[in-house]
Amino acid sequence: QVQLVESGGGLVQAGDSLRLSCVASGRTLNWYAMGWFRQAPGKEREFVAAITWSGGNTNYADSVKGRFTISRDNAKNTVYLQMNSLKPEDTAVYYCAAGKLSTDVAAHYDYWGQGTQVTVSS
């Protein structure tokens, strides 16, 4: 089993930056692909970014491409999501997830954190 805990969310203004962290326990993340998803009120959970187990490949939703960066430090069992130039439409609960494949499909991930709230005011 893998337990994931997100942190780093908060209330910021449009144009600000935040860095989310996702720390794993219970098992090393070394062999897992990691993803970030988000869910806004009244909307379905949507893909944000993913990274392969080695960190060699990443992919992003079009809505965040060029503004968000996913990275990982396997020695620290941690995955990050650097979010720059935040917009009000980025407001959501952000979840990290671990799975065998680095995909944009939530069902492909086996483990999920509880989420961290990000609120961007205009």
Side-chain angles (χ1 to χ4, degrees):
Q1 286 282 355
V2 176
Q3 290 79 45
L4 303 173
V5 178
E6 303 95 337
S7 63
L11 172 62
V12 296
Q13 293 186 332
D16 286 349
S17 298
L18 278 176
R19 188 175 81 155
L20 305 183
S21 299
C22 172
V23 179
S25 61
R27 189 178 293 180
T28 178
L29 285 182
N30 285 13
W31 306 112
Y32 286 95
M34 299 297 297
W36 284 96
F37 290 76
R38 67 186 181 186
Q39 188 166 18
K43 296 187 177 181
E44 293 187 355
R45 190 169 298 190
E46 66 173 1
F47 169 74
V48 176
I51 188 168
T52 53
W53 68 269
S54 67
N57 290 95
T58 58
N59 59 308
Y60 298 91
D62 288 343
S63 59
V64 306
K65 204 170 292 184
R67 299 188 298 121
F68 291 11
T69 303
I70 188 172
S71 61
R72 65 189 300 161
D73 184 339
N74 287 344
K76 295 182 178 180
N77 245 15
T78 302
V79 178
Y80 304 98
L81 184 68
Q82 177 67 43
M83 306 186 295
N84 299 329
S85 302
L86 283 161
K87 305 175 181 180
E89 51 263 43
D90 294 319
T91 295
V93 177
Y94 283 71
Y95 300 89
C96 70
K100 297 180 180 63
L101 298 175
S102 173
T103 81
D104 58 0
V105 179
H108 291 170
Y109 291 85
D110 302 312
Y111 304 102
W112 291 82
Q114 293 300 306
T116 184
Q117 176 71 47
V118 172
T119 303
V120 184
S121 64
S122 59

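Taking every heavy atom of both residues into account, M34 and A98 meet most closely at SD-CB, 3.5 Å. Considering all non-hydrogen atoms of both residues, S17 and S85 come closest at OG-N, 4.2 Å. Nearest approach of D90 to R67, heavy atoms of both residues: OD2-NH1, 2.8 Å. The shortest heavy-atom contact between A24 and V2 is CB-CG1, 4.1 Å.
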(request) Before giving the answer on side-chain contact (heavy atoms from CB on, under 4.5 Å), spell out for E46 and R38 the whole-Å C-alpha distance, their side-chain angles and the decisive distance to 0.1 Å. (result) CA-CA 5 Å; E46 66 173 1; R38 67 186 181 186; 2.6 Å; yes
(request) Please assess S21 against K76 for the test side-chain contact (heavy atoms from CB on, under 4.5 Å), listing each intermediate value before the final yes or no. (result) CA-CA 11 Å; S21 299; K76 295 182 178 180; over 6 Å; no
(request) With side-chain contact (heavy atoms from CB on, under 4.5 Å) as the test, would you mind laying out the steps for Q117 and T91 before giving the verdict? (result) CA-CA 8 Å; Q117 176 71 47; T91 295; 4.0 Å; yes
(request) Would you please test I70 and V79 for side-chain contact (heavy atoms from CB on, under 4.5 Å) and show each step? (result) CA-CA 7 Å; I70 188 172; V79 178; 4.1 Å; yes
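With hydrogens and angles ignored, the 3.5 Å screen pairs no side-chain donor or acceptor of D73 with any backbone N or O of T78. Of the possible polar contacts, one joining the R72 side chain to the T52 backbone as a donor-acceptor pair under 3.5 Å is found. The closest donor-acceptor contact from the side chain of E6 to the backbone of G115 lies under 3.5 Å.
In summary, of the residues considered (I51, N59, T58), a side-chain contact (heavy atoms from CB on, under 4.5 Å) with S102 occurs for N59 alone.
In this structure, CG on N74 lies 8.5 Å from OG on S54, to the nearest 0.5 angstrom.
Looking at heavy atoms from C-beta onward, M83 lies in side-chain contact with V118 at the 4.5 angstrom threshold.
The ring-ring contact (aromatic ring centres under 6.0 Å, His included) check on Y95 picks up nothing, with sequence neighbours excluded. For E89, the side-chain contact (heavy atoms from CB on, under 4.5 Å) partners two or more places apart in sequence, or in a different chain, are K87.
For Q114, the CD atom sits in a loose shell: 12 or fewer heavy atoms of surrounding residues, nucleotides or ligands are nearer than 6.0 Å. No more than 12 heavy atoms of other residues, nucleotides or ligands sit less than 6.0 Å from atom NZ of K43.
Every pair passing ring-ring contact (aromatic ring centres under 6.0 Å, His included) that includes a residue from residues 33-91 is listed here, sequence neighbours excluded: W31-W53, F37-F47, F37-Y109, F37-W112.
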